[in-house]
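Index from 1, following the sequence.
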Amino acid sequence: MITIGIIIGSTRPGRNGDQVAQWVRDLAAEHAGDAADFELVDLKDYALPLLDEPVPARMAPGRRPHTRRWAERIGSCDAFIVVTPEYNTAPPAALTNAIDYLYAEWGGKPVGYVGYGIFGAVMAVQKLRAQAGPLRMADIGPQVALSLREDFEAFADFRPQELHVAEVHGLVDELLAWAQALGPLRAASRAAASTLYDVQQVQ
């Protein structure tokens, strides 16, 4: 079965991301049925410091325990839905930091985006899309843009418009199609990551 990680990209106290991510998970699981398993991946649970690995992830997997724990979680997923707000036209620093910790674990995996903000976090998502290619991810076209004015009450109580249900379904359908097609690439990325880790352990 395909495992899709729904990454909650904000760690800010009082964030809206957990409400949005749970809504996405419930809709996606109901729509996909037995075709996939949808799991929440909350950055708050990993408490990653600002990148503290001495060697870039593209060259070697990280050695620190928090890095290995994060790598194992991301490595276990076949695709991702990233739920992100927008801070000053960009994704949260915590999300960008978490992405930078890894390389091989992202490879061969499709990614879709659900943004929320005054303008649906479209600029933040655009910047995340720019990161996906160099990480050898497939960033899919469908995107859900939630407005703090129209999909939240008092900018905090999540009340999504009905039209977004179909958008989530479309995102899930395309994500699953890409995840199935990219199976061989994921296998190659996982083998490469395993080899690098084994070599590093010997050294």
Exercise for review: Flag yes if more than 12 heavy atoms outside Asp34 fall under 6.0 Å of its CG atom; otherwise flag no.
Suggested key: no
Review point. Regarding Asp26 and Gln22, is there a side-chain donor-to-acceptor distance under 3.5 Å anywhere?
Key: yes
Practice item. Might you work through the salt bridge (charged side-chain N to carboxylate O under 4.0 Å, His left out) test for Lys109 and Asp78, ending with a clear yes or no? Key: CA-CA 6 Å; Lys109 300 177 183 181; Asp78 301 301; over 6 Å; no
Between side-chain atoms of residues 165-174 and protein atoms elsewhere (two or more places apart, or another chain), which donor-acceptor pairs fall under 3.5 Å?
from: Glu167; atom 1: OE1; to: His164; atom 2: ND1; distance (Å): 2.7
from: Asp173; atom 1: OD1; to: His31; atom 2: NE2; distance (Å): 2.8
from: Asp173; atom 1: OD2; to: His31; atom 2: NE2; distance (Å): 3.3

Check your understanding: Can you tell me if Thr84 and Tyr116 form a side-chain donor-acceptor pair at under 3.5 Å?
Key -> no
Point to revise | Nearest heavy atoms of Pro85 and Ala124, plus distance in Å | key: O-CB, 3.7 Å
**Study point:** Donor-acceptor pair, side chain of Arg64 and main chain of Asp52, under 3.5 angstrom
**Key:** yes
Point to revise | Pi-cation contact, Tyr46 with Arg73 (under 6.0 Å, within 45°) | key: no
Check your understanding: Which residues pass the ring-ring contact (aromatic ring centres under 6.0 Å, His included) test with Phe158, sequence neighbours left out?
Key -> Trp23, Phe152
Practice item. Show your reasoning for whether side-chain contact (heavy atoms from CB on, under 4.5 Å) applies to Leu146 and Val114. Key: CA-CA 8 Å; Leu146 301 166; Val114 176; 3.9 Å; yes
Donor-acceptor contacts, no H, no angles, side chain residues 91-100, under 3.5 Å, sequence neighbours left out:
from: Asn97; atom 1: OD1; to: Leu51; atom 2: N; distance (Å): 2.9
from: Asn97; atom 1: ND2; to: Pro49; atom 2: O; distance (Å): 2.8

Practice item. Assess the pair Trp70 and Tyr101: is the distance between their ring centroids shorter than 6.0 Å? Key: no
Check your understanding: Does CD in Gln131 sit with more than 12 non-hydrogen atoms of other residues, nucleotides or ligands closer than 6.0 Å?
Key -> yes
Review point. Salt bridge between Arg15 and Asp42, side-chain N to carboxylate O under 4.0 Å?
Key: yes
Review point. Is the count of non-hydrogen atoms from other residues, nucleotides or ligands lying under 6.0 Å from Gln161 atom CD greater than 12?
Key: yes
Check your understanding: More than 12 heavy atoms of other residues, nucleotides or ligands under 6.0 Å from CG of Leu163: is that the case?
Key -> yes
Point to revise | Shared hydrophobic cluster, Leu175 / Val111 (ILVMFWY, side-chain heavy atoms < 4.5 Å) | key: no
Practice item. Kindly say whether Gly108 contributes a backbone atom to a donor-acceptor pair with the side chain of Arg136 at under 3.5 angstrom? Key: no
